[in-house]
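Report on the following structure.
What's counted below: heavy atoms across the whole structure, side chains too, no hydrogens, waters or symmetry copies. In listed order, ligands and their atoms are each counted from 1.
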Amino acid sequence: MLSGADLSPTARRIAREFCGNAAAVASLGGMIETGRLPHAFIIEGADGLGKSSFARLIARGAMCGCREPLSGECGHCRKLRENIHPDLIYIQGSGKTNAIPIDAIRAMRKDALIAPNEAGKRVFILEDCDNMLPAAQNAFLKIFEEAPPHVVFIITCRSAMNLLTTIRSRGRIITLHPVEAEEGADFIADVMNAADRQSARNALAESGGNIGEALRLLGSESASQTAEQANSIADGILEAMCSGSELDLAVNCAAIGKDRAMGGAVCAILCERLRCGLMTAVGAGDTVDSADRQALRLGALLSPENVIRQIDEINQLSEMLRINISMPLFNTKLAIILQRRK
Ligand SMILES: [Zn+2]
């Protein structure tokens, strides 16, 4: 297996942006350094393994004007990283099967004849081609076989076996693989700054080394942590409302801290539970799904008008999270709204 030390300078720069897959990284680095980039690539691999990221790196290799290839200082590298380069064109599927339709291929064939706007090459990325119908693939074959010299085609798919043999045999196939837990955890923690190493390692173990899937797991994990914490803060606030202690209420509202998402989540829960209280206050408590002890007590303590006003004001305050209200002010205002007893 290739280690970082065996990689060429260009491949090492690619490896800083693309985790694992040393063989694919080394081979792309070599093609860029020798100026022998094929005009057609097929990138295969499961969802989440980085097919789109790798395709963009190939596009950078085709267009880059940096003194050292892919060192990132040229305008092409910058625009490609930001995904705003006019010579990078995505062809995507549509409909139920997400297949690229034959009309899109015909339009692309015309488009491919046009000279590049800014770079030396025009790159077409045809995404998720597994379900492309044979007629569309055959239409593509016509330009694939006689591609204009300024064009690079990159096809992505779960498996190249889903493409016609005629297409498969004309492209350089790059197969992406899952990564080792250690290198993947370093990549997620350092490069993507998405988690601490241990959580990244756990998510990678669960995803079988699939970075995209691990990031998804880490994202949903942090969402569920926020929800759990928001519930517990809302519990504290409602308890303080029941006890009538203004100090407790202020302390529990301050527990929201500086996290705006947390502020929004707590407001949503409070409104929901105050609505339960309201139903009780107007004598419709039996329509409340779960017996919410705090909400029931509040329903008995507060007048319906009081609760309606509070819900209204919490909603208005929650809107202010979007226009940059400071969080200490937000937390104080929330406590003041909830103290009101008329
Ligand atoms: Zn560059």
Ring pair (Phe, Tyr, Trp, His ring centres under 6.0 Å) pairs touching residues 40-67, sequence neighbours excluded, are Phe18-Phe54
Under 3.5 Å side-chain donor-acceptor pair for Gln198 and Asn202: yes
Side-chain donor-acceptor pairs of residues 140-150 under 3.5 Å, sequence neighbours excluded:
{"unit_1": "Glu145", "atom_1": "OE2", "unit_2": "Arg170", "atom_2": "NH2", "d": "2.9"}
{"unit_1": "His150", "atom_1": "NE2", "unit_2": "Ala112", "atom_2": "O", "d": "2.9"}
{"unit_1": "His150", "atom_1": "NE2", "unit_2": "Ile114", "atom_2": "O", "d": "3.0"}

Any carboxylate oxygen within less than 4.0 angstrom of a Lys/Arg side-chain nitrogen, looking at Arg275 and Glu272? yes
Is any NZ, NE, NH1 or NH2 atom of the basic residue among Glu17 and Arg60 found under 4.0 Å from an Asp or Glu carboxylate oxygen of the other? yes
Filter on side-chain hydrogen bond (donor to acceptor under 3.5 Å, both in side chains), then keep only pairs touching residues 251-268, sequence neighbours left out; what's left? none
Suppose the cut-off is 2.8 Å; which protein N/O/S atoms would you list for the Zn ion (ligand 1)? Cys64 SG, Cys66 SG, Cys74 SG, Cys77 SG
